[in-house]
Q: 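Handing you a structure now.
In the text below, chain A, chain B and the rest are named by the order of the sequence lines, each starting its count at 1.
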Amino acid sequence: MHEHRSFLEEKRKIDELLQSNFHIVKVIENLSGAYVTMQRSDDADDDLSVTVHLLSADARRYMTNVLFAQRLKQSMTGS
Amino acid sequence: MADLQIDFAGIKSKNPFWLASGPPTNTGYQVQRAFDAGWGGAVWKTLGDPVINVTSRFSGLNYGGQRVAGFNNIELITDRPLEVNLREIRETKRNYPDHAIIASLMVEPKQEKWHEIVRRVEDAGVDGLELNFGCPHGMAERGMGSASGQVPELVEKQTYWAKEAAETPVIVKLTPNITDITATAFAAAQGGADAISMINTINSLMGVDLDSWNTIPNVAGKGTHGGYCGPAVKPIALSMVAECARESDIPIPISGIGGIENWRDAAEFMLMGASTVQVCTAAMHHGFRIVEDMIDGLNNYVDDKGLASVMDLVGQSVPKYLKWGDLDLNHKVVAHINQDYCIHCNKCHIACEDAAHQCIEFFTDADGRRALSVREEDCVGCNLCSIVCPAEGAITMIDKPSEVSMTWNERQRMISMFGG
């Protein structure tokens, strides 16, 4: 019921990390969903990493779109 | 006036509508009447060593208000001597030289048996041969029909044997009683088949009489599995045609069979790769004259599409038929309820609550009436509400295209780069 709310909550976590200069470095998918590890970008002072557990299908879809965008950006900037 | 003529592996026909091998093509009398009605070709009821058929052979599945939504038979191949059939084939070909006559054949999986029947039947003047590797009942118990059609090696070998003797095009008719029909279609192509046809009938038991506990149909109280066909099998047949049509390793024409009963069905099969269609159950249900509407309808459709020839339809939809993993995960459709057409039966709400994603909810409109609307953000676009809705136009599925596409296969490749 109201799975969209779960998606919005999980999307919010990812978006907040993206806004804080994190990017995705690792994705593990298993029976429990997706575990997405995000790390601060290279120019940050620390190498703090955070793992977000995504349960909803829409969030896992969103995360992959983020991944595609991230790869595209990396290929354009050469980073 | 569109050109409805077809060339199917070298067999020419004035339209793509052929009667499939079965009860309607049992005799010259029937086939000649069918040609008079307008059928472009006929596949003669399967020839082979004569059998003895049982009585009580057919049964129909009536579903809702529709009679013969499905059809089941336990009739075997021809029970008439080969000479009688060949005499009638000769006479029919003499009287109807511009119509295609294809002989369906079934013999034991022995080289000499195939050589003998191919030579004798071709001598009668047929335009082509169809090897029956599909009938699932009776003959399969004797190692023929689907019993040999389920083994790719036997399909290839028997096709090869038939081709060794044949001078006319050889069509291999495939059984759907197999997990992957492309395996046997490939085997037919490897054996040298000029074309394939599909589908033959599906293993079935039509029902059990709740009073007598006899099977339907039954012979003196005993039953056996039969071959299922008719409108109910069309989606299965269409899928199998499409699967073969998209395989580059099966580069031979396809004759579509299975639940075709009007020009629309025929057009769908042609769009999915069939260049001729075969009809049996609909002719048994409605008579030979159904072909008149089929010809008119297809002619008008081809004209409306601005095409010169019906052959221009063939395979147009095949590139749109993909593996699931190549579909766009980002594309979204959502249901929309048109309040002007809604009859407030609540079937969509019940279906969504019980079997979908609980996104159709009640609200009170400006006039104080209870109505239903879709909570779009939770709608997964499953279509169930629009399928169960009895009011035409009350529920439409709205496309919400994404700016970028992403397939499952693309996604998995990307995830694998990140350790997934």
Q: Please tell me if the side chains of B:Phe186 and B:Glu247 come closer than 4.5 Å, counting only heavy atoms from C-beta onward.
A: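 No, every pair of side-chain atoms sits at 4.5 Å or beyond.
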Q: Are any of the side-chain nitrogens in A:Lys13 or A:Glu10 under 4.0 Å away from the carboxylate oxygens of its partner?
A: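 No.
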Q: Is there any residue in residues 55-65 of chain A with a non-hydrogen atom under 4.5 Å from a non-hydrogen atom of chain B, and which ones are they?
A: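 Result: A:Arg60, A:Arg61, A:Met63, A:Thr64, A:Asn65.
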Q: So which part of B:Glu376 gets closer than 4.5 Å to some heavy atom of chain A, the side chain, the backbone, both or neither?
A: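 Neither; nothing under 4.5 Å.
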Q: Distance-only, no hydrogens or angles: does the B:Asp365 side chain make a donor-acceptor pair with backbone N or O of B:Gly368 under 3.5 Å?
A: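 Yes, B:Asp365 side chain to B:Gly368 backbone: donor-acceptor pair under 3.5 Å.
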Q: Less than 4.5 Å to any heavy atom of chain B: does that hold for the side chain of A:Val25, its backbone, both, or neither?
A: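 It is the backbone, since no side chain atom gets that close.
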Q: Walk me through whether B:Thr182 and B:Asp180 qualify under side-chain hydrogen bond (donor to acceptor under 3.5 Å, both in side chains).
A: CA-CA 5 Å; B:Thr182 64; B:Asp180 179 5; 2.6 Å; yes
Q: Determine, for A:Glu29 against B:Arg411, whether the closest basic-nitrogen to carboxylate-oxygen distance falls under 4.0 angstrom.
A: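 Looking at A:Glu29 and B:Arg411, the cut-off is met.
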Q: Where does B:Val404 contact chain A at under 4.5 Å (heavy atoms): side chain, backbone, both or neither?
A: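 Interface part for B:Val404: side chain.
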Q: Salt bridge (charged side-chain N to carboxylate O under 4.0 Å, His left out) with A:Asp15: which residues, sequence neighbours excluded?
A: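 A:Lys11.
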Q: Measuring only between side-chain heavy atoms, which start at C-beta, is B:Val334 closer than 4.5 Å to B:Lys400?
A: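 When only atoms from C-beta onward are counted, B:Lys400 and B:Val334 do touch, with a gap below 4.5 Å.
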